[in-house]
Amino acid sequence: MSLNKLNQLYLAVVMDHADHPHHKHELGDATQSVELHNVSCGDYIRVFIKTKANRVAKISFTGNGCTISQASASMMTDALTNLEISEAIKSCDAFFQLAMGNSISNEAKKVLGDAEILGSLAEFPARIKCATLAWHAAKEALKGEAK
């Protein structure tokens, strides 16, 4: 696939998640919620998690921010839903590695789903905080659920 087509695919996936975010709502029966702010640009995200039987039964988010932060939060909800808590935490860590430009396993890429496309952000250090904000909130909430 040519570089131009890859860029178009990247833009299409990111814009679709930003314009039509998945699971963007408050979760009234959440067992944990964490709100984080990116003071450098004004993004803020609140992640809601409901666990059941040591799994992420439901996950959602609210907040406002740039296209990258909103798209990444949407992708994060898709990636972490139904994972065991420990696997969800590992997936957050894998995303952090990917966002920093480090390689991750093919298995981790598969779990991340659409979020894998954000690995190219390592070329834009100022955007890494935008992309990882929701994932940091999710990891913090998940650590509150870990047994």
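Quick note: numbers below take in every heavy atom, side chains included, and nothing from hydrogens, waters or symmetry partners.
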Any chance you could measure H23, atom NE2, to K58, atom NZ, to the nearest 0.5 Å?
11.5 Å
Any chance you could measure D114, atom CG, to M76, atom CE, to the nearest 0.5 Å?
13.5 Å
Test item: I49 and L80 side chains (from C-beta on) under 4.5 Å apart, heavy atoms:
no
With heavy-atom distances below 4.5 Å as the criterion, would you say the side chains of V14 and M75 are in contact?
yes
Any non-hydrogen side-chain atom of Q70 less than 4.5 Å from a side-chain atom of P21?
no
From CE (M100) to CG (L121), nearest 0.5 Å
11.5 Å
Minimum-distance pair of heavy atoms, taken over all atoms of I68 and R127
CG1-NH2, 3.6 Å
Min side-chain heavy-atom separation L142-Q32 under 4.5 Å:
no
Please tell me whether F48 and H25 form a close aromatic pair, meaning their ring centres lie under 6.0 Å apart.
no
Please walk me through it: do V34 and H136 pass side chain to side chain contact (heavy atoms under 4.5 Å, CB included)?
CA-CA 9 Å; V34 172; H136 280 292; over 6 Å; no
Is there a donor-acceptor pair under 3.5 Å between the side chain of D43 and the backbone N or O of C66?
yes
NZ/K50 to CZ/R55 distance, rounded to the nearest 0.5 angstrom?
15.0 Å
Over all atoms of both residues, closest heavy-atom pair of A108 and I104:
CB-CD1, 4.0 Å
State plainly whether the residues E87 and K90 are in salt-bridge range, i.e. N to O under 4.0 Å.
yes
Between the CD1 atom in I85 and the OG1 atom in T51, the distance rounded to the nearest 0.5 Å is 4.5 Å
Does E26 offer a backbone N or O that forms a donor-acceptor pair with the side chain of S60 under 3.5 Å?
no
Looking at every non-hydrogen atom in both residues, tell me the closest pair between A138 and I59 and how far apart they are.
CB-CD1, 4.4 Å
Does the side chain to side chain contact (heavy atoms under 4.5 Å, CB included) test come out yes or no for H17 and H22, once each step is laid out?
CA-CA 7 Å; H17 276 279; H22 305 175; 3.5 Å; yes
Can you hop from L112 to I128 via hydrophobic side chains spaced under 4.5 Å?
no
Tell me which one of L133, L118, I117 satisfies side-chain contact (heavy atoms from CB on, under 4.5 Å) with S72.
L118
I45 and L36: side chain to side chain contact (heavy atoms under 4.5 Å, CB included), yes or no, with the steps?
CA-CA 6 Å; I45 297 284; L36 294 179; 5.7 Å; no
Backbone N/O of A18 and side chain of T67: donor-acceptor pair under 3.5 Å
no
I'd like to know if the side chain of K139 reaches the main chain of S91, judged simply by a donor and an acceptor atom lying under 3.5 Å from each other, with no hydrogens or angles considered.
no
Transitive ILVMFWY side-chain link V56 to L27, under 4.5 Å
no
Nearest-0.5 Å distance that lies between atom CD in Q97 and atom SG in C92
12.5 Å
Is atom NZ of K129 surrounded by more than 12 heavy atoms (other residues, nucleotides or ligands) closer than 6.0 Å?
no
Treating S69 as the side-chain partner and N64 as the backbone partner, does any N or O pair qualify as donor plus acceptor under 3.5 Å?
no
Any donor and acceptor pair, going by atom type alone, linking the side chain of T132 with main-chain N or O of W135 inside 3.5 Å?
no
